[in-house]
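Data first, discussion second: the structure below is written as C-alpha coordinates.
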There are 2 protein chains.
Amino acid sequence: MAQFTDEMRKVFDVHRLVFRIGELASMTGASPRQLRYWEKKGLISSREREDGQQARVYTFKTFVMVSMIKYFMDSGYTLTAAAQQAQQREDNVRLLHRFISRGMQGFAEVDGQIALNLGAFDAQQTLMAVLPDDGGVDYRLVSNAEASRLTRELPA
Amino acid sequence: MAQFTDEMRKVFDVHRLVFRIGELASMTGASPRQLRYWEKKGLISSREREDGQQARVYTFKTFVMVSMIKYFMDSGYTLTAAAQQAQQREDNVRLLHRFISRGMQGFAEVDGQIALNLGAFDAQQTLMAVLPDDGGVDYRLVSNAEASRLTRELPA
DNA sequence: CGTGTAAGGAATTCTGACACG
DNA sequence: CGTGTAAGGAATTCTGACACG
(Lines give C-alpha, C1' and ligand atoms only; values in the text may rest on other atoms or scores of the structure.)
Protein backbone atom coordinates (compact mmCIF):
# COMPACT_ATOMS: atom_id res chain seq x y z
CA MET A 1 0.00 0.00 0.00
CA ALA A 2 3.07 2.17 0.08
CA GLN A 3 2.47 2.35 -3.64
CA PHE A 4 -0.80 4.13 -3.08
CA THR A 5 0.52 6.76 -0.72
CA ASP A 6 3.59 7.44 -2.80
CA GLU A 7 1.62 7.96 -5.99
CA MET A 8 -1.42 9.63 -4.60
CA ARG A 9 0.17 11.95 -2.06
CA LYS A 10 0.94 14.47 -4.76
CA VAL A 11 -2.57 14.18 -6.13
CA PHE A 12 -4.12 15.10 -2.80
CA ASP A 13 -1.58 17.73 -1.87
CA VAL A 14 -3.69 20.86 -1.65
CA HIS A 15 -0.54 22.94 -1.47
CA ARG A 16 -0.18 22.47 -5.21
CA LEU A 17 -3.46 24.29 -5.78
CA VAL A 18 -3.20 27.85 -7.06
CA PHE A 19 -5.87 30.38 -7.91
CA ARG A 20 -6.10 33.80 -9.48
CA ILE A 21 -8.20 36.55 -8.04
CA GLY A 22 -11.25 35.89 -10.18
CA GLU A 23 -11.60 32.28 -9.16
CA LEU A 24 -10.86 32.96 -5.51
CA ALA A 25 -13.58 35.63 -5.59
CA SER A 26 -16.16 33.33 -7.17
CA MET A 27 -15.18 30.50 -4.82
CA THR A 28 -15.52 32.51 -1.62
CA GLY A 29 -18.03 35.23 -2.44
CA ALA A 30 -15.56 38.01 -1.65
CA SER A 31 -15.08 40.63 -4.38
CA PRO A 32 -11.75 41.15 -6.16
CA ARG A 33 -11.66 44.63 -4.68
CA GLN A 34 -12.02 43.17 -1.20
CA LEU A 35 -9.27 40.63 -1.78
CA ARG A 36 -6.85 43.30 -2.96
CA TYR A 37 -7.67 45.47 0.01
CA TRP A 38 -7.36 42.64 2.52
CA GLU A 39 -3.98 41.78 1.04
CA LYS A 40 -2.82 45.40 1.24
CA LYS A 41 -3.77 45.34 4.94
CA GLY A 42 -1.77 42.15 5.43
CA LEU A 43 -4.77 39.98 6.38
CA ILE A 44 -4.10 37.58 3.54
CA SER A 45 -1.17 37.09 1.19
CA SER A 46 -0.53 36.10 -2.40
CA ARG A 47 2.42 34.15 -3.61
CA GLU A 48 5.52 36.04 -4.68
CA ARG A 49 5.31 36.89 -8.32
CA GLU A 50 8.30 35.57 -10.20
CA ASP A 51 9.83 37.95 -12.71
CA GLY A 52 7.33 39.87 -14.74
CA GLN A 53 4.31 37.85 -13.67
CA GLN A 54 1.31 40.12 -13.39
CA ALA A 55 -1.58 38.27 -11.85
CA ARG A 56 -1.69 37.47 -8.15
CA VAL A 57 -1.50 33.80 -7.28
CA TYR A 58 -3.29 32.55 -4.18
CA THR A 59 -2.81 29.23 -2.42
CA PHE A 60 -5.18 26.84 -0.68
CA LYS A 61 -4.15 28.31 2.66
CA THR A 62 -5.40 31.70 1.51
CA PHE A 63 -8.59 30.13 0.19
CA VAL A 64 -9.27 28.75 3.66
CA MET A 65 -8.42 32.08 5.29
CA VAL A 66 -10.66 34.08 2.95
CA SER A 67 -13.51 31.61 3.41
CA MET A 68 -13.30 32.01 7.17
CA ILE A 69 -13.05 35.81 7.08
CA LYS A 70 -16.04 35.92 4.77
CA TYR A 71 -17.97 33.61 7.06
CA PHE A 72 -17.33 35.72 10.16
CA MET A 73 -18.11 38.94 8.34
CA ASP A 74 -21.42 37.50 7.18
CA SER A 75 -22.04 36.67 10.85
CA GLY A 76 -21.73 40.35 11.74
CA TYR A 77 -18.05 40.83 12.57
CA THR A 78 -16.08 43.81 11.30
CA LEU A 79 -13.28 43.01 8.88
CA THR A 80 -10.59 43.28 11.55
CA ALA A 81 -12.50 41.17 14.08
CA ALA A 82 -13.36 38.57 11.45
CA ALA A 83 -9.69 38.27 10.51
CA GLN A 84 -8.78 37.73 14.16
CA GLN A 85 -11.39 35.00 14.52
CA ALA A 86 -10.14 33.34 11.37
CA GLN A 87 -6.56 33.45 12.61
CA GLN A 88 -7.58 31.52 15.73
CA ARG A 89 -9.17 28.80 13.64
CA GLU A 90 -6.06 28.53 11.52
CA ASP A 91 -4.39 26.35 14.15
CA ASN A 92 -7.26 23.87 13.99
CA VAL A 93 -7.01 23.77 10.22
CA ARG A 94 -3.32 22.94 10.40
CA LEU A 95 -3.98 20.24 12.97
CA LEU A 96 -6.62 18.62 10.80
CA HIS A 97 -4.22 18.53 7.88
CA ARG A 98 -1.64 16.76 10.06
CA PHE A 99 -4.19 14.18 11.18
CA ILE A 100 -5.27 13.49 7.64
CA SER A 101 -1.79 13.22 6.17
CA ARG A 102 -0.54 10.93 8.93
CA GLY A 103 -3.51 8.64 9.41
CA MET A 104 -4.06 7.27 5.92
CA GLN A 105 -2.31 3.93 5.36
CA GLY A 106 -4.38 2.77 2.40
CA PHE A 107 -7.52 0.78 1.62
CA ALA A 108 -8.38 -2.70 2.82
CA GLU A 109 -11.30 -5.10 2.71
CA VAL A 110 -12.98 -6.09 5.98
CA ASP A 111 -15.98 -8.47 6.06
CA GLY A 112 -16.45 -7.84 2.36
CA GLN A 113 -16.71 -4.10 2.86
CA ILE A 114 -14.22 -1.49 1.72
CA ALA A 115 -12.26 -0.18 4.70
CA LEU A 116 -9.58 2.40 5.33
CA ASN A 117 -6.43 1.17 7.03
CA LEU A 118 -5.66 3.81 9.68
CA GLY A 119 -2.44 2.17 10.88
CA ALA A 120 -1.28 0.70 14.19
CA PHE A 121 -3.66 0.89 17.13
CA ASP A 122 -1.18 -0.82 19.45
CA ALA A 123 1.66 -3.32 19.11
CA GLN A 124 -0.62 -6.18 18.04
CA GLN A 125 -3.61 -4.54 16.38
CA THR A 126 -4.37 -2.37 13.35
CA LEU A 127 -7.27 0.08 13.21
CA MET A 128 -9.67 -0.12 10.29
CA ALA A 129 -12.51 2.27 9.37
CA VAL A 130 -15.52 0.89 7.52
CA LEU A 131 -18.34 2.77 5.77
CA PRO A 132 -21.70 1.13 6.53
CA ASP A 133 -24.81 1.91 4.53
CA ASP A 134 -26.34 4.10 7.23
CA GLY A 135 -23.93 6.90 6.36
CA GLY A 136 -21.71 6.72 9.43
CA VAL A 137 -18.29 5.23 10.12
CA ASP A 138 -17.56 1.98 11.95
CA TYR A 139 -14.19 1.06 13.41
CA ARG A 140 -12.69 -2.43 13.71
CA LEU A 141 -9.53 -3.71 15.35
CA VAL A 142 -7.80 -6.55 13.54
CA SER A 143 -4.49 -8.30 14.22
CA ASN A 144 -1.53 -6.89 12.36
CA ALA A 145 -1.12 -10.17 10.48
CA GLU A 146 -4.75 -10.09 9.41
CA ALA A 147 -4.48 -6.41 8.47
CA SER A 148 -1.71 -6.99 5.98
CA ARG A 149 -3.60 -9.98 4.64
CA LEU A 150 -6.80 -7.95 4.22
CA THR A 151 -5.15 -4.95 2.66
CA ARG A 152 -5.83 -5.30 -1.00
CA GLU A 153 -3.40 -4.49 -3.72
CA LEU A 154 -4.48 -1.59 -5.86
CA PRO A 155 -4.81 -2.16 -9.63
CA ALA A 156 -1.35 -1.77 -11.08
CA MET B 1 -18.31 20.49 18.32
CA ALA B 2 -21.21 20.60 15.93
CA GLN B 3 -20.28 24.23 15.68
CA PHE B 4 -16.96 23.32 14.16
CA THR B 5 -18.27 20.97 11.54
CA ASP B 6 -21.10 23.28 10.55
CA GLU B 7 -18.84 26.27 10.07
CA MET B 8 -15.81 24.56 8.68
CA ARG B 9 -17.43 22.07 6.36
CA LYS B 10 -17.81 24.72 3.69
CA VAL B 11 -14.22 25.82 4.20
CA PHE B 12 -12.90 22.34 3.54
CA ASP B 13 -15.30 21.51 0.77
CA VAL B 14 -13.00 21.01 -2.17
CA HIS B 15 -16.00 20.98 -4.49
CA ARG B 16 -16.08 24.75 -4.21
CA LEU B 17 -12.64 25.00 -5.79
CA VAL B 18 -12.55 26.17 -9.39
CA PHE B 19 -9.63 26.70 -11.75
CA ARG B 20 -9.03 28.07 -15.19
CA ILE B 21 -6.85 26.38 -17.73
CA GLY B 22 -3.70 28.31 -16.91
CA GLU B 23 -3.71 27.43 -13.23
CA LEU B 24 -4.67 23.81 -13.84
CA ALA B 25 -1.76 23.57 -16.29
CA SER B 26 0.76 25.03 -13.86
CA MET B 27 -0.61 22.88 -11.03
CA THR B 28 -0.39 19.61 -12.89
CA GLY B 29 2.37 20.12 -15.44
CA ALA B 30 0.06 19.39 -18.37
CA SER B 31 0.00 22.03 -21.12
CA PRO B 32 -3.14 24.04 -21.95
CA ARG B 33 -3.09 22.43 -25.37
CA GLN B 34 -3.11 18.99 -23.76
CA LEU B 35 -5.98 19.89 -21.46
CA ARG B 36 -8.12 21.14 -24.36
CA TYR B 37 -7.36 18.00 -26.35
CA TRP B 38 -8.08 15.65 -23.46
CA GLU B 39 -11.38 17.41 -22.92
CA LYS B 40 -12.27 17.15 -26.59
CA LYS B 41 -11.63 13.40 -26.32
CA GLY B 42 -13.89 13.20 -23.27
CA LEU B 43 -11.15 12.11 -20.86
CA ILE B 44 -11.76 15.11 -18.62
CA SER B 45 -14.52 17.69 -18.44
CA SER B 46 -14.94 21.35 -17.62
CA ARG B 47 -17.94 22.86 -15.94
CA GLU B 48 -20.80 24.09 -18.09
CA ARG B 49 -20.24 27.69 -19.05
CA GLU B 50 -23.19 29.84 -18.03
CA ASP B 51 -24.32 32.39 -20.61
CA GLY B 52 -21.51 34.08 -22.45
CA GLN B 53 -18.74 32.90 -20.14
CA GLN B 54 -15.63 32.31 -22.17
CA ALA B 55 -13.02 30.60 -20.06
CA ARG B 56 -13.26 26.95 -19.14
CA VAL B 57 -13.78 26.25 -15.45
CA TYR B 58 -12.33 23.07 -13.96
CA THR B 59 -13.19 21.50 -10.62
CA PHE B 60 -11.14 19.69 -8.01
CA LYS B 61 -12.32 16.38 -9.42
CA THR B 62 -10.74 17.29 -12.75
CA PHE B 63 -7.58 18.43 -10.99
CA VAL B 64 -7.27 14.98 -9.44
CA MET B 65 -7.99 13.27 -12.75
CA VAL B 66 -5.44 15.35 -14.67
CA SER B 67 -2.82 14.78 -11.97
CA MET B 68 -3.30 11.04 -12.25
CA ILE B 69 -3.26 10.98 -16.05
CA LYS B 70 -0.09 13.06 -16.02
CA TYR B 71 1.48 10.72 -13.48
CA PHE B 72 0.76 7.59 -15.52
CA MET B 73 1.91 9.24 -18.75
CA ASP B 74 5.19 10.18 -17.09
CA SER B 75 5.45 6.53 -16.09
CA GLY B 76 5.35 5.51 -19.74
CA TYR B 77 1.66 4.91 -20.48
CA THR B 78 0.02 6.22 -23.64
CA LEU B 79 -2.64 8.86 -23.16
CA THR B 80 -5.49 6.38 -23.53
CA ALA B 81 -3.94 3.84 -21.18
CA ALA B 82 -3.07 6.50 -18.63
CA ALA B 83 -6.68 7.71 -18.65
CA GLN B 84 -7.89 4.16 -18.05
CA GLN B 85 -5.53 3.72 -15.11
CA ALA B 86 -6.66 7.03 -13.66
CA GLN B 87 -10.30 6.07 -14.03
CA GLN B 88 -9.68 2.97 -11.92
CA ARG B 89 -8.11 5.03 -9.16
CA GLU B 90 -11.05 7.41 -9.21
CA ASP B 91 -13.09 5.00 -7.11
CA ASN B 92 -10.43 5.03 -4.41
CA VAL B 93 -10.37 8.81 -4.45
CA ARG B 94 -14.12 8.96 -3.91
CA LEU B 95 -13.87 6.46 -1.09
CA LEU B 96 -11.18 8.47 0.66
CA HIS B 97 -13.35 11.57 0.46
CA ARG B 98 -16.23 9.70 2.06
CA PHE B 99 -14.02 8.46 4.88
CA ILE B 100 -12.69 11.93 5.57
CA SER B 101 -16.04 13.71 5.48
CA ARG B 102 -17.71 11.14 7.74
CA GLY B 103 -14.99 10.50 10.28
CA MET B 104 -14.23 13.98 11.57
CA GLN B 105 -16.20 14.82 14.71
CA GLY B 106 -13.98 17.65 15.97
CA PHE B 107 -10.96 18.26 18.17
CA ALA B 108 -10.47 17.12 21.76
CA GLU B 109 -7.75 17.06 24.38
CA VAL B 110 -6.43 13.70 25.61
CA ASP B 111 -3.64 13.45 28.21
CA GLY B 112 -2.83 17.07 27.55
CA GLN B 113 -2.32 16.41 23.83
CA ILE B 114 -4.47 17.66 20.98
CA ALA B 115 -6.59 14.81 19.62
CA LEU B 116 -9.09 14.30 16.85
CA ASN B 117 -12.46 12.93 17.88
CA LEU B 118 -13.25 10.25 15.29
CA GLY B 119 -16.69 9.40 16.68
CA ALA B 120 -18.24 6.26 18.16
CA PHE B 121 -16.13 3.09 18.24
CA ASP B 122 -18.94 1.06 19.83
CA ALA B 123 -21.92 1.74 22.07
CA GLN B 124 -19.80 2.74 25.06
CA GLN B 125 -16.55 4.10 23.63
CA THR B 126 -15.35 6.95 21.44
CA LEU B 127 -12.27 6.75 19.23
CA MET B 128 -9.64 9.47 19.54
CA ALA B 129 -6.56 10.04 17.36
CA VAL B 130 -3.51 11.69 18.95
CA LEU B 131 -0.43 13.14 17.26
CA PRO B 132 2.72 12.16 19.20
CA ASP B 133 6.03 13.89 18.63
CA ASP B 134 7.52 11.00 16.66
CA GLY B 135 5.40 11.94 13.66
CA GLY B 136 2.95 9.05 13.75
CA VAL B 137 -0.62 8.71 14.93
CA ASP B 138 -1.78 7.07 18.18
CA TYR B 139 -5.32 5.93 18.85
CA ARG B 140 -7.13 5.87 22.20
CA LEU B 141 -10.51 4.57 23.26
CA VAL B 142 -12.30 6.63 25.90
CA SER B 143 -15.78 6.32 27.38
CA ASN B 144 -18.45 8.37 25.68
CA ALA B 145 -18.95 10.40 28.86
CA GLU B 146 -15.24 11.16 29.04
CA ALA B 147 -15.13 11.95 25.34
CA SER B 148 -17.71 14.71 25.59
CA ARG B 149 -15.94 16.01 28.67
CA LEU B 150 -12.55 16.07 26.91
CA THR B 151 -13.82 17.63 23.73
CA ARG B 152 -12.87 21.25 24.04
CA GLU B 153 -15.01 24.08 22.88
CA LEU B 154 -13.52 26.00 20.03
CA PRO B 155 -12.94 29.74 20.49
CA ALA B 156 -16.20 31.50 19.79
C1' DC C 1 -12.48 52.37 7.42
C1' DG C 2 -14.02 49.42 3.69
C1' DT C 3 -15.65 48.85 -0.77
C1' DG C 4 -17.52 50.30 -5.54
C1' DT C 5 -16.47 52.02 -10.12
C1' DA C 6 -14.39 53.94 -14.62
C1' DA C 7 -9.76 53.95 -17.21
C1' DG C 8 -6.10 52.31 -19.95
C1' DG C 9 -2.29 48.93 -20.43
C1' DA C 10 -0.70 44.00 -19.91
C1' DA C 11 -1.51 39.06 -19.75
C1' DT C 12 -4.85 35.04 -20.48
C1' DT C 13 -8.07 32.29 -23.01
C1' DC C 14 -10.71 31.25 -26.99
C1' DT C 15 -11.23 28.69 -31.68
C1' DG C 16 -9.80 26.83 -36.08
C1' DA C 17 -5.74 25.96 -38.71
C1' DC C 18 -1.16 24.35 -40.15
C1' DA C 19 2.59 21.31 -38.77
C1' DC C 20 4.88 16.87 -37.63
C1' DG C 21 4.40 12.11 -37.46
C1' DC D 1 -2.58 10.01 -32.55
C1' DG D 2 -1.05 13.73 -29.65
C1' DT D 3 0.90 18.08 -29.12
C1' DG D 4 3.23 22.64 -30.58
C1' DT D 5 2.67 27.19 -32.54
C1' DA D 6 1.11 31.75 -34.76
C1' DA D 7 -3.30 34.66 -35.24
C1' DG D 8 -6.83 37.78 -33.98
C1' DG D 9 -10.82 38.69 -30.93
C1' DA D 10 -12.80 38.48 -26.14
C1' DA D 11 -12.39 38.46 -21.15
C1' DT D 12 -9.29 39.10 -16.92
C1' DT D 13 -6.13 41.52 -14.00
C1' DC D 14 -3.26 45.30 -12.92
C1' DT D 15 -2.61 50.06 -10.47
C1' DG D 16 -3.82 54.65 -8.88
C1' DA D 17 -7.73 57.61 -8.44
C1' DC D 18 -12.27 59.43 -7.26
C1' DA D 19 -16.35 58.46 -4.48
C1' DC D 20 -19.08 57.68 -0.19
C1' DG D 21 -18.96 57.69 4.56
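Chain letters run A, B, ... following the sequence lines, proteins first, then strands; residues in each count from 1.
Pair assignment for C:dG16: none, as no Watson-Crick or G-U wobble contacts are both less than 3.5 Å. Both distances falling under 3.5 Å, in either a Watson-Crick or a G-U wobble arrangement, occur for no nucleotide opposite C:dA6.
Among D:dT13, D:dG2, C:dT3, the nucleotide with an atom closest to any side-chain atom of A:Arg33 is C:dT3. Taking the side chain of A:Thr80 as heavy atoms from C-beta on, and the options C:dG2, D:dT3, C:dT13, the nearest nucleotide is C:dG2. Of the candidates C:dG4, C:dT13, D:dG4, the closest approach to any side-chain atom of A:Gln34 belongs to C:dG4. Side-chain proximity of B:Ile21 to C:dC14, C:dT3, D:dT12: nearest is C:dC14. Comparing C:dT13, C:dT3, C:dG2 by their nearest atom to the side chain of B:Ala55 picks out C:dT13.
Nucleotide D:dA17 holds its P atom 10 Å from the NZ atom of A:Lys40, rounded to whole Å. Taking atom CD1 of B:Ile69 as the reference point, atom C1' of D:dT3 lies 15 Å away to the nearest angstrom. Taking atom NZ on A:Lys41 and atom C1' on C:dT3, their separation rounds to 12 Å, with Å as the unit. Atom pair A:Ile44:CD1 and C:dG2:P shows a separation of 14 Å (rounding to whole Å applied). Between the CD atom of B:Glu39 and the C1' atom of C:dT13 there is a distance of 13 Å, rounded to whole Å. Between B:Leu35 atom CG and C:dT15 atom C1' there is a gap of 16 Å when expressed in whole angstrom units. Here the C1' atom of nucleotide D:dT12 and the CE atom of A:Met27 are 16 Å apart, to the nearest Å.
Residue contacts for A:Ser31: at a heavy-atom cut-off of 4.0 Å it reaches the sugar-phosphate backbone alone, with no base atom in range. B:Thr78 comes within contact range of no nucleotide atom at all, as no heavy-atom separation falls under 4.0 Å.
Taken to the nearest 0.5 Å, the CE atom of B:Met128 stands 10.5 Å off from the CD atom of B:Glu109.
Between the side chain of A:Asn144 and the backbone N or O of A:Ala123, at least one donor-acceptor pair lies under 3.5 Å. A:Glu23 places a side-chain N or O within donor-acceptor distance of the main-chain N or O of A:Arg20, the cut-off being under 3.5 Å.
Between B:Tyr37 and the phosphate of D:dG2, there is a side-chain N or O to OP1/OP2 separation shorter than 4.0 Å. Applying the 4.0 Å criterion to OP1 and OP2 of D:dC14, one finds that A:Arg36 has a side-chain N or O inside that range. The shortest distance between the side-chain N/O atoms of A:Trp38 and the OP1/OP2 oxygens of C:dG2 is not below 4.0 Å. Distances shown here put a side-chain N or O of A:Arg56 below 4.0 Å from the OP1 or OP2 atom of D:dC14.
The heavy-atom pair separating A:Arg140 from A:Val130 by the smallest distance is CG-CG2, 4.1 Å. Here the shortest heavy-atom pairing between B:Ala30 and B:Lys70 reads N-CE, 3.9 Å.
Each of A:Arg20 and A:Leu79 lies near DNA chain C, and the nucleotide nearest A:Leu79 is the one positioned closer to the 5' end.
When only modelled atom types and interatomic distance are considered, B:Gln125 and A:Tyr139 share no side-chain donor-acceptor pair under 3.5 Å.
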